[in-house]
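Let me begin by presenting the structure, written as structure tokens, before commenting on it.
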There are 2 protein chains.
Amino acid sequence: MTSTADAALPAQERDPKPAQKQDHKQDHKPDHKPDRKQGRKRGIDRLIEILNYLHQNGQPQRPNDIAIGIGAPKSTVYEIVNRLVDEKILEPYDKDGRLFLGRKLHFFGTRYLEQFDLLRQAEPVVTALSKQTGETAQLCIIDSARYIVVLTHSGARHFKISSDLGQPIPLTWTTSGRLLLMGMSEQAIVDFIPPEDFTLPDGSQLPLADFLAEIDKAVADGYVSSKSVVDAYTRCYAAPITDHAGSCVATLCMVTPRGDDRRRRNQLRDTLLHHAADLTDSLGGKT
Amino acid sequence: MTSTADAALPAQERDPKPAQKQDHKQDHKPDHKPDRKQGRKRGIDRLIEILNYLHQNGQPQRPNDIAIGIGAPKSTVYEIVNRLVDEKILEPYDKDGRLFLGRKLHFFGTRYLEQFDLLRQAEPVVTALSKQTGETAQLCIIDSARYIVVLTHSGARHFKISSDLGQPIPLTWTTSGRLLLMGMSEQAIVDFIPPEDFTLPDGSQLPLADFLAEIDKAVADGYVSSKSVVDAYTRCYAAPITDHAGSCVATLCMVTPRGDDRRRRNQLRDTLLHHAADLTDSLGGKT
DNA sequence: AACCGCGTTCCGACATACTGGAAAACAGGC
DNA sequence: GCCTGTTTTCCAGTATGTCGGAACGCGGTT
């Protein structure tokens, strides 16, 4: 099963069905065209669909499968895919013609990491935290009103708690969400979070008042430790990384199986807080 | 200055001039069109150019700069760039409108790493080697008859030996090149290496016989340690990572400033060999 | 051998993505 | 404020990239 940081997605199967989405054209202009039949699409869009599809699907696919998966004409997909293979943006995976994301993407991604202080500095911290505790450690941020994991390092446990790096999840579903929203007024939070995100994965509603109270407690404690909202097996720990103004730019967190005794829980919490404070310091944040 | 593993590029300035290349259409068919004026290009090509440009350039740029840099119409670049920002493939960098590679690329890149045994296993080894020695450590492979660095971890030195991850370099220029070609016949090597690659960065020619002799010695020794061919400051150490058949699939290597005494050189070599053997083992290779 | 399913390649036609050029917004410098 | 150079946005025309559909190739089954 697939579990994400403090927000394990409920057995989010990687089903190969069409990537239902896009069409939310956020053009700045009114877009007078009444959304004609989604006939033809341009190459760039296809390319993006292909990459996203392979990323979400997580495993090598044949051009034909990709075409079916994203609901695009085969001829188009073959065309584009060949171009991308030339560029090493995709790479052949086996002799059956399966393809996967290519090394060029790794190079691009590395450049991205180099460029950004937060991630560059956080990377060794996440690794150290994970190594030291043997648990899965992650760095999480807010991304367009959702929570996403941006760095992850798996723990030593035999059953892998893999994380869906980069998959947006409602803030309300996550332990970290309580911390990431610190400092926002009630009104701001209501405006910020999409209303549907107050529906928890089991279908129940999270009362706003409860959520606000949890945020308050999180801020007061300086960390959160709680059972995952989205699965029955994991406990999550999260600590804030703050900037010079004291607002929370990210959280450092851990995912562990439930069932640890109080002693170990405290120990994990302390280790986490220690690393989080270090990271905040080295970023010039206010501790 | 910029230095790459065992092949520091000679002050390879990152000049913002047009990316002269492509046009080598390797279509399987004769391509009857006599290569018309390079008029219009498709979106996908532009997109690739943009990403490559930002990657090679290494720093955030404005859409306008990108347009100039890749020699594309501004209107086109603005169009595409906006699309990519929506997708988080590019990201705004500052309020002057500069952009850089986006987090999505990091996510894609991570998936790539997860998927491939060699890199997944090699990553902790490279890190460990670098931490233990304080030097820059890298994993290198052959990529279309050239050498490229696929993993890197900077050493603790104050002046950063940054590496051009993913930049193809002639095998002859690199220490690792001697190892990566092990097992190939003279004829195979001649056929494989582009003739122009026997010209060293200083303009001199590398005699084939010398090169072959160096390869033989490398194989016999089981490692190479030599002064970098391409700069005057560094010494490089390389050790082979072999597969079950005993052929060299990659090299683990280190870049150090010159001037270490024999004792330390031996020590570094031993550490390197130790880690390389570990990695080969864990990949099921023949030691 | 002939048949079937599946993955891949080929090809012509048309909608449209890309382009050039010009206008508009912006940023300094005087 | 006014002028000058730069960056960004807008727009309409046409070269061309995308699509559908058909043909091809290959492995396995009857």
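Every chain is numbered from 1 and lettered A, B, ... according to where its sequence line falls, protein lines coming before strand lines.
Atom CZ of B:Phe116 has more than 12 neighbouring heavy atoms from other residues, nucleotides or ligands inside a 6.0 Å radius.
Atom NZ of A:Lys41 is separated from atom C1' of D:dT16 by 20 Å (rounded to the nearest Å). The distance from atom CD1 of A:Ile48 to atom P of D:dT18 is 13 Å, rounded to the nearest whole Å. In this structure, B:Glu49 places its CD atom 13 Å from C1' of C:dC18, rounding to the nearest Å. B:Ile80 has its CD1 atom 16 Å from the C1' atom of D:dT8, to the nearest Å. Atom-to-atom, CG of A:Asp65 to C1' of C:dC6 comes out at 10 Å; the value is rounded to the nearest Å. Look at CD on B:Gln61: it is 11 Å from P on D:dT7, rounded to the nearest Å. Between the C1' atom of C:dT8 and the CD1 atom of A:Ile66 lies a distance of 13 Å, rounded to the nearest Å. What separates CG of A:Leu47 from C1' of D:dG17 is a distance of 14 Å, to the nearest Å.
A salt bridge is absent between B:Glu79 and B:Arg46: the closest approach of a Lys/Arg side-chain nitrogen to an acidic carboxylate oxygen does not fall below 4.0 angstrom.
In terms of phosphate contacts, B:Arg42 brings no side-chain nitrogen or oxygen within less than 4.0 Å of OP1 or OP2 of D:dA15. Put simply, A:Tyr78 has no side-chain N or O that comes within less than 4.0 Å of OP1 or OP2 on C:dT9. For the pair B:Arg62 and D:dT7, the criterion of a side-chain N or O lying under 4.0 Å from OP1 or OP2 is met. Residue B:Ser75 places no side-chain N or O under 4.0 Å from the OP1 or OP2 atom of C:dG20. For A:Arg46 and D:dG17, the shortest distance from a side-chain N or O to OP1 or OP2 is not below 4.0 Å.
Side-chain contact check for B:Lys88 versus B:Phe107: every heavy-atom pair is 4.5 Å or farther apart.
The 5' end of DNA chain D is approached more closely, in terms of each residue's nearest nucleotide, by B:Arg98 than by the other of B:Gly43 and B:Arg98. Checking A:Pro63 against A:Ile44, the closest nucleotide of DNA chain C that is more toward the 5' end is the one next to A:Pro63.
Taking both residues in full, the closest heavy atoms of A:Ile142 and A:Leu181 are given as CD1-CD2, 4.2 Å, listed atom of the first, atom of the second, then distance.
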Side chain to side chain contact (heavy atoms under 4.5 Å, CB included) assessment of B:Ile148 paired with A:Arg103: CA-CA 11 Å; B:Ile148 63 173; A:Arg103 60 179 61 132; 3.9 Å; yes
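Distance from the side chain of A:Pro73 is smallest for D:dG20 among the nucleotides D:dG20, C:dG20, D:dT16. Across C:dG7, D:dT8, C:dT16, the shortest atom-to-atom separation from the side chain of B:Lys74 is found for D:dT8. Distances from the side chain of B:Asn64 to the nucleotides C:dT16, C:dG7, D:dT8 place D:dT8 closest.
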